> 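I'd like to ask you about the structure that follows.
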Amino acid sequence: MHPRIPRQSAREQDRPPQVAPGGDATLSAELAAVVSGARRRALRDGDRQIDTAHLLHSLLDADPEACAVFEDEPHLPRLLGYLVQRSIGYGLRWQGTVEDSGAVPVVTAPGTLGADPLTAAAEGFSPLAAEAMEYARGRAGHRDGGPARGVDLLAAILVDPGSRAVEVLARAAIDAGDVRARLDGLLPGGLWGRPRPRDR
């Protein structure tokens, strides 16, 4: 069951995207760098929030483990082209809008990036990106209690079919279901981070 996440108020949307200034112990160093890269992209593109497409772009650019999932993907150059040209191409229609598929009930709450999606969304993440961050943390905690990695976040941003990450994959002729299947075989405990049943 997905956690409840907030729709940002107009005042909160006007703030630039932020991440916790002192770092976040629930994120690996690599994933913290991915989040910082996504934040820079959002600011550069004039977007009010970090969304799942920003996170996907930063994962492919900065996280070798996540990028390796696409190693044999023939349409990877097309995907990177779409992501790079976001601010002058298809992504223009996303500007000034909130990434929220509407699949999850939302409430409004102020706060700072912390241990739940309410605070994450209030600090510059879209509702779906905030949910993905918390999913990645929860998945890592369920696996071994260690910090979330880039592959945890990659799995998280592909869960909701209404996310911008899934939309841009489809535009590049990459099936998000195929990517999830690759991740399911790669990640300990599978895509959902649960222990695999023992072979009988």
Side-chain angles (χ1 to χ4, degrees), residues 2 5 17 27 30-31 33-42 44-45 47-104 117 120-121 124-140 148-187 190-193:
H2 292 297
I5 52 180
L27 305 181
E30 293 81 7
L31 186 50
V34 165
V35 172
S36 293
R39 176 181 179 271
R40 286 192 299 273
R41 285 188 168 87
R44 181 195 62 202
D45 295 341
D47 295 320
R48 292 174 174 177
Q49 298 174 321
I50 299 169
D51 64 26
T52 59
H54 290 124
L55 292 171
L56 175 62
H57 193 175
S58 196
L59 280 165
L60 292 173
D61 186 54
D63 190 285
E65 190 177 24
C67 192
V69 176
F70 294 86
E71 189 172 32
D72 298 322
E73 175 53 61
H75 298 299
L76 179 58
R78 183 187 299 179
L79 172 63
L80 292 173
Y82 277 126
L83 291 168
V84 167
Q85 297 177 34
R86 167 180 177 146
S87 62
I88 59 173
Y90 71 95
L92 286 174
R93 63 188 176 81
W94 288 343
Q95 292 183 357
T97 63
V98 175
E99 181 192 32
D100 179 9
S101 69
V104 197
F125 289 82
S126 74
L128 287 184
E131 185 181 47
M133 292 297 297
E134 295 315 311
Y135 174 93
R137 289 186 178 97
R139 196 197 169 288
R149 294 162 26 210
V151 284
D152 293 313
L153 182 58
L154 179 58
I157 63 177
L158 300 181
V159 167
D160 193 315
S163 75
R164 290 177 180 175
V166 171
E167 181 180 337
V168 73
L169 283 171
R171 188 172 287 267
I174 298 174
D175 188 283
D178 290 345
V179 179
R180 286 196 300 268
R182 287 178 223 153
L183 281 164
D184 194 40
L186 172 70
L187 297 177
L191 184 62
W192 299 100

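Counting begins at 1 with the first residue of the sequence. It should be emphasised that the depicted structure is a prediction, and the values quoted were computed from it without experimental measurement.
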> Which value, rounded to the nearest 0.5 Å, describes the distance between Leu153 atom CG and Tyr135 atom OH?
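If I round to the nearest 0.5 Å, the distance is 11.0 Å.
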
> Which value, rounded to the nearest 0.5 Å, describes the distance between Arg139 atom CZ and Asp152 atom CG?
5.0 Å

> Drop me the distance from Arg137's CZ to Leu31's CG, to the nearest 0.5 angstrom.
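Arg137 CZ to Leu31 CG: 8.5 Å, rounded to 0.5 Å.
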
> Name all residues meeting the salt bridge (Lys or Arg N to Asp or Glu O under 4.0 Å) criterion together with Glu73; count only those two or more places apart in sequence or in a different chain, and write none if there are none.
Arg182

> Asp72 and Pro74: which non-hydrogen atoms are nearest, and at how many Å?
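That closest heavy-atom pairing would be O-CD, 3.2 Å.
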
> Taking Thr52's backbone N and O only, do any of them form a donor-acceptor pair with Glu99's side chain (distance below 3.5 Å, no angle check)?
yes

> Could you report the tightest heavy-atom contact between Val168 and Tyr82, atom names first, then the distance?
CG2-CB, 3.9 Å

> Dump the intermediate steps for salt bridge (Lys or Arg N to Asp or Glu O under 4.0 Å) on Asp47 and Arg86, then the final yes or no.
CA-CA 11 Å; Asp47 295 320; Arg86 167 180 177 146; 3.4 Å; yes

> If you round to the nearest 0.5 Å, how far is CG of Leu80 from NE2 of His75?
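Answer rounded to 0.5 Å: 13.0 Å.
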
> Could you check if a side-chain atom of Val35 sits within less than 4.5 angstrom of a side-chain atom of Phe125, using non-hydrogen atoms only?
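They are in contact (side-chain heavy atoms under 4.5 Å apart), so the answer is yes.
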
> Are Glu30 and Arg149 ion-paired here, with the side-chain N under 4.0 Å from a carboxylate O?
no

> Using atom types as modelled and distance alone, determine if a side-chain donor or acceptor of His57 lies under 3.5 Å from a backbone N or O of His54.
no

> Just by distance, do the side chain of Ser58 and the backbone of Val34 share a donor-acceptor pair under 3.5 Å?
yes

> Run the salt bridge (Lys or Arg N to Asp or Glu O under 4.0 Å) test on Asp61 and Arg41 for me, step by step, so that the C-alpha distance in whole Å, both residues' side-chain angles and the decisive distance to 0.1 Å come before the verdict.
CA-CA 12 Å; Asp61 186 54; Arg41 285 188 168 87; 3.3 Å; yes

> Between Ile157, Asp178, Leu56, which is the residue that forms a side chain to side chain contact (heavy atoms under 4.5 Å, CB included) with Leu169?
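Result: among Ile157, Asp178, Leu56, Leu56 is the only option passing the side chain to side chain contact (heavy atoms under 4.5 Å, CB included) with Leu169.
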
> Check whether any side-chain N or O of Ser126 sits under 3.5 Å from a backbone N or O of Val98 as a donor-acceptor pair, and report yes or no.
no

> Do you know the tightest heavy-atom contact between Ala148 and Ala140?
CA-CB, 3.5 Å

> Looking at side-chain heavy atoms only, is the closest gap between Leu183 and Leu154 below 4.5 Å?
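Yes; the side chains approach each other to less than 4.5 Å.
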
> Is there a side-chain contact between Leu128 and Asp51, using heavy atoms and a 4.5 Å cut-off?
no

> Can you name the residues that form a salt bridge (Lys or Arg N to Asp or Glu O under 4.0 Å) with Asp63, not counting sequence neighbours?
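Expected list: none.
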
> Quick one: does any side-chain atom of Asp45 pair with a main-chain N or O of Ala42 as donor and acceptor, under 3.5 Å?
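Looks like no, no N/O pair under 3.5 Å.
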
